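Have a look at the structure below before the remarks.
These numbers come from a predicted model, not from an experiment.
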Amino acid sequence: MVRLFKVLVATSIVGLLLGGLVGTIAADRFGVVDVAWQDDADALEVTALIAQHDCWQGEPPLAHRDRIPGHAVVRPAPNQGVVYSAALVSDALEHVVNGAHRKMTVYAFCP
């Protein structure tokens, strides 16, 4: 689970830095299930949301390790925009753990 999350985060970071192709990792044991395109405007939006809301990628900060995140920065589906959402936290966690939402891209979790 931690390895998959690290792969997702690494893939998202590369996409954010390059503003190009981002592999959407569905937590399927076989790796990349779907690939979504991300443009430069989306990369800037994701970066801004992460900074604005003190979000994390990878291991949570010590203060949040034993807590469920309060929000997530996600793209619910390829045809939807990037959102900062409390309502999608459980879906984002399910996706990272077991690939429950194959079209979702999870960028970060937040307090």
>> Rounded at 0.5 Å granularity, tell me how far CD in E59 sits from NE2 in H64.
In response: 13.5 Å
> What's the verdict on side-chain contact (heavy atoms from CB on, under 4.5 Å) for L49 and V46, showing C-alpha distance, side-chain angles and the deciding distance?
Replying inline: CA-CA 5 Å; L49 286 170; V46 169; 5.8 Å; no
>> With heavy-atom distances below 4.5 Å as the criterion, would you say the side chains of K103 and P76 are in contact?
In response: no
> Nearest heavy-atom pair of E94 and H101: which atoms, and what distance?
Replying inline: OE1-NE2, 3.0 Å
> Which pair of non-hydrogen atoms, one from Y84 and one from P111, has the smallest distance, and what is that distance?
Replying inline: OH-O, 4.3 Å
>> Would H53 and V73 count as a side-chain contact (heavy atoms from CB on, under 4.5 Å) here? Give the steps.
In response: CA-CA 9 Å; H53 297 288; V73 176; 5.8 Å; no
> Is the CG atom of D66 crowded by more than 12 outside heavy atoms at less than 6.0 Å?
Replying inline: no
>> Quick check: closest heavy atoms across R75 and Q80, and the distance to 0.1 Å?
In response: NH1-O, 2.7 Å
> Do the side chains of V74 and V82 get nearer than 4.5 Å, heavy atoms only?
Replying inline: no
> Is there a chain of hydrophobic side chains (I, L, V, M, F, W, Y, each step under 4.5 Å between heavy atoms) that links L62 to W56?
Replying inline: no
> Backbone N or O of Y107 within a donor-acceptor pair of the Q57 side chain at under 3.5 Å?
Replying inline: yes
> Would you say the side-chain atoms of H71 pair up with the backbone N or O of C110, donor to acceptor, closer than 3.5 Å?
Replying inline: no
>> In the structure I gave you, are the side-chain heavy atoms of D91 and L88 within less than 4.5 Å of one another anywhere?
In response: yes
> Got a donor-acceptor contact below 3.5 angstrom from the R65 side chain to the P60 backbone?
Replying inline: yes
> If you take all heavy atoms of M104 and A92, which pair is closest and at what distance?
Replying inline: SD-CA, 3.7 Å
